[in-house]
Novice: 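Before I ask anything, here is the structure I am working with.
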Amino acid sequence: MLKNYHLLIFFLLSFASIFLLTGDSLIALLISVSIILTLISIGLFNIQLNLFLKSISRLKTTKKIVFLTFDDGPSPSNTIKILETLKANDLKAIFFCIGAKAKEQPNIVKRIINDGHLIGGHTLHHKWEYAFYNQKRIINEIDKGNDIIKQIAGQEVALFRPPWGITNPRIAFAIKALNLKSIGWSIRSLDTVFKNKQRINDRIINKLKPGRIILLHDSLDITAEILPELIVNIKSKGYSIGSYEEYIK
Ligand SMILES: [Zn+2]
């Protein structure tokens with residue numbers, strides 16, 4: 001997938017260059033520029049393509065196992081509900097916490113750790129404009145968020161999920177400079193978009209494949225509400241929900 005995509009970029013860029021070198025029409029120029037811009041924007045918004053940064057978006061296994069991740073918490077009621085559901089089902093997940101929210105909810109951060117889940121950073125403020133900050137501010141935004149979690153949890157934060165899956169060369173540099181492991185996803189539940197529980201459930205169930213990482217949000221009521229049924233439905237398809245230990249060191 002990765003190699004094919006890079007090959008495709010190379011092919012299209014070569015094609016665009018030939019167009020530019022041999023043709024002199026405005027149309028040739030517009031076609032070339034729009035191909036390049038389209039490819040860059042696909043790469044910016046699709047973390048699975050690994051265009052700027054290598055992220056783990058699925059885990060290597062042929063077994064029917066999928067993995068849960070929860071972003072944008074901790075939230076006072078929903079994260080607790082989700083932790084209770086996970087505990088009742090003896091399941092583990094990764095929680096990607098926003099630093100500013102973690103600061104407000106230190107007890108929930110501690111509970112995530114005490115319940116045996118992994119915790120990752122998700123920037124200090126989760127603002128979309130951070131992608132346009134200069135290099136130093138991007139590093140700060142990521143590092144300060146992680147530092148709050150580290151202080152509360154009493155352990156290093158090694159995992160990071162770029163908000164909205166947006167990556168660019170500066171975000172990639174920051175993640176490498178801070179020695180973080182970037183975690184993406186391969187099933188986007190769209191729980192932030194769909195208002196209908198069945199749609200969220202069906203979307204996830206239809207995309208189940210070995211090793212896939214499911215993106216959910218513990219900041220949302222709907223996600224806390226559907227989780228018990230979603231777990232039952234995933235299992236009814238012959239899939240188990242894995243813990244990360246043997247896959248992410
Ligand atoms: Zn997020």
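Order of listing sets the numbers, starting from 1, for every ligand and every atom in it. Both backbone and side-chain heavy atoms feed into the values below; hydrogens, waters and symmetry mates do not. Each residue takes its place number in the sequence, starting with 1.
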Novice: Using only heavy-atom distances, determine whether the side chains of Asp218 and Ser75 contain a donor-acceptor pair under 3.5 Å.
Specialist: no
Novice: Given NE2 of His126 on one side and OD1 of Asp72 on the other, what angle do they make at the Zn ion (ligand 1), to 10°?
Specialist: 100°
Novice: Could you state the interatomic distance from NE2 (His122) to CH2 (Trp164), rounded to the nearest 0.5 Å?
Specialist: 7.5 Å
Novice: Side chain to side chain donor-acceptor pair (under 3.5 Å) between Arg161 and Thr69: does it pass, once the steps are laid out?
Specialist: CA-CA 10 Å; Arg161 173 169 277 163; Thr69 60; 2.9 Å; yes
Novice: So Glu84 and Arg111, salt bridge (charged side-chain N to carboxylate O under 4.0 Å, His left out) or not? Walk me through it.
Specialist: CA-CA 11 Å; Glu84 273 161 15; Arg111 185 161 168 197; 3.7 Å; yes
Novice: With a cut-off of 2.8 Å, does any N, O or S atom of His217 fall short of it relative to the Zn ion (ligand 1)?
Specialist: no
Novice: Checking only N/O/S atoms, does Asp71 have one that is under 2.8 Å from the Zn ion (ligand 1)?
Specialist: no
